Amino acid sequence: MATESGGGPTTITVHVKFSGRSIPISLSPDATVRDLKSHLQPLTNVLPRGQKLIYKGKILVDTMTMKSSEVLDGSKIMLIASHGLHQGVVPEEIWACGEVRVLDISNNSIQEIPAKIGSLRSIHKLLLNANDISDESIKWEGITSLKSLTVLSLSQNHLATLPPAIGALTSLQQLHISNNKLTSLPAEIGLLSQLQILKASNNRISSVPSSLGNCYSLIEVDFSSNLLVELPETFGNLRNLKVLHLSNNGLKLLPPSLFKMCSKLSTLDLHNTEITMDILRQIEGWEEFDERRRSKHQKQLDFRVGHSAGFDEGADKNEGR
């Protein structure tokens with residue numbers, strides 16, 4: 001490490017962990033993270049846009065300097081190659097990152113999620129979208145041991161089932177499972193009392209367990225493009241529900257308690273279902289719901305100067321039936 005006459009270092013050396021190697025890089029404390037990535041490109045054959053540099057459990061921001069990122073001489077930094085550069089398996093470097101709070105390895109053609117993912121005890125957000133994960137290749141005992149997990153995203157994979165063990169994720173606030181091959185949800189999903197957002201569109205779900213009504217914290221639910229013909233009466237227990245997407249299903253009726261009990265509901269998407277406005281008007285609480293949705297739409301219009309498009313909702317679209 002070279003130093004200036006005033007005592008401050010003119011260069012520092014950091015050690016970047018990648019693919020079982022420790023790569024020493026010398027650079028100025030005023031060099032940016034982007035500069036570091038440029039140094040690493042010829043040594044790792046990973047383009048800067050495909051590099052994620054993690055230091056003390058945090059992803060380093062390109063525009064920040066070594067000094068402002070608190071990277072010191074001798075610091076150890078982990079490099080994860082993203083954007084499809086590690087196809088098939090989770091990069092081994094990840095298992096050494098015990099303090100990571102967010103792990104995003106989406107869009108990597110990963111086929112296997114091993115049980116040792118449970119070693120990442122501090123993780124809060126786990127994003128596994130757009131990979132090649134199937135029922136046989138995911139070890140749920142690892143994921144369900146992550147007791148601090150608040151966001152789990154598995155959209156755009158090949159899952160046909162969710163295990164009952166999903167109920168062990170009692171801190172979960174968001175569950176994203178759209179664009180899979182799911183045919184049902186386990187009854188244990190009702191144990192997720194902190195769940196606020198459930199997105200399960202574009203699956204093959206034909207029924208929803210009544211236990212979902214125990215997820216009292218739910219604010220947004222998306223079951224669009226499934227095979228639903230009815231919803232459980234317990235949907236009325238979702239007192240905090242504001243947004244419900246049900247388009248492209250075989251629904252003919254809604255739970256009678258939905259409008260009356262879900263007093264915060266203001267967005268209801270029923271495009272391409274058999275539910276008409278005549279049916280909706282017969283459900284107790286329709287008038288109050290209709291007032292909420294119109295009020296919400298008016299507020300949206302107030303922020304769109306010059307916007308003249310009319311309100312379009314699935315129920316309105318079916319009014320002429």
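Keep in mind the model is a prediction, meaning the values are calculated, not measured.
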**Prompt:** For His15, does its backbone N or O pair with a side-chain atom of Ser22 as donor and acceptor, under 3.5 Å?
**Reply:** no
**Request:** Evaluate the side-chain proximity of Thr13 to Ser26: yes if any heavy-atom separation is below 4.5 Å, no if none is.
**Result:** yes
**Message:** Other members of the hydrophobic cluster containing Val61, with the 4.5 Å side-chain heavy-atom rule, please.
**Reply:** Met64
**Asked** What pairs of residues pass the side chain to side chain donor-acceptor pair (under 3.5 Å) test when at least one of them lies in residues 139-156, not counting sequence neighbours?
**Response** Asn129-Ser153
**Request:** Decide yes or no for Leu198 and Leu192: does some side-chain heavy atom of the first lie under 4.5 Å from some side-chain heavy atom of the second?
**Result:** no
**Message:** Closer than 3.5 angstrom, by distance alone: can the side chain of Asp104 be matched with the main-chain N or O of Ser106 as a donor-acceptor pair?
**Reply:** yes
**Prompt:** Given Asn226 and Asn249, is the side chain to side chain donor-acceptor pair (under 3.5 Å) satisfied, shown in steps?
**Reply:** CA-CA 6 Å; Asn226 276 285; Asn249 278 285; 5.0 Å; no
**Request:** Please name the residue in the list Lys242, Arg293, Lys296 that meets the side chain to side chain donor-acceptor pair (under 3.5 Å) test with Thr267.
**Result:** Lys296
**Item:** Test item: Arg292 side-chain N/O and Leu265 main-chain N/O as donor-acceptor pair under 3.5 Å
**Value:** yes
**Item:** Sub-4.5 Å side-chain heavy-atom contact between Gln174 and Gln196
**Value:** no
**Message:** So does Val71 get a backbone contact from the side chain of Ser75, meaning a donor-acceptor N/O pair under 3.5 Å?
**Reply:** no
**Prompt:** Is the side chain of Asn203 donor-acceptor paired with the backbone N or O of Ser201 at a distance under 3.5 Å, no angle test?
**Reply:** yes
**Message:** Set out, in order, the CA-CA distance, both residues' side-chain angles and the distance that settles side-chain contact (heavy atoms from CB on, under 4.5 Å) for Arg239 and Lys264, then state yes or no.
**Reply:** CA-CA 7 Å; Arg239 308 297 175 84; Lys264 296 182 181 180; over 6 Å; no
**Request:** Would you confirm whether Asp290, through its side chain, and Glu287, through its main-chain N or O, come within 3.5 Å as a donor-acceptor pair?
**Result:** no
**Test item: Asp222 side-chain N/O and Ser178 main-chain N/O as donor-acceptor pair under 3.5 Å** = no
**Item:** Any donor-acceptor pair under 3.5 Å from Ser211 side chain to Ala187 backbone
**Value:** yes
**Message:** I'd like to know if the side chain of Ser28 reaches the main chain of Asp30, judged simply by a donor and an acceptor atom lying under 3.5 Å from each other, with no hydrogens or angles considered.
**Reply:** yes
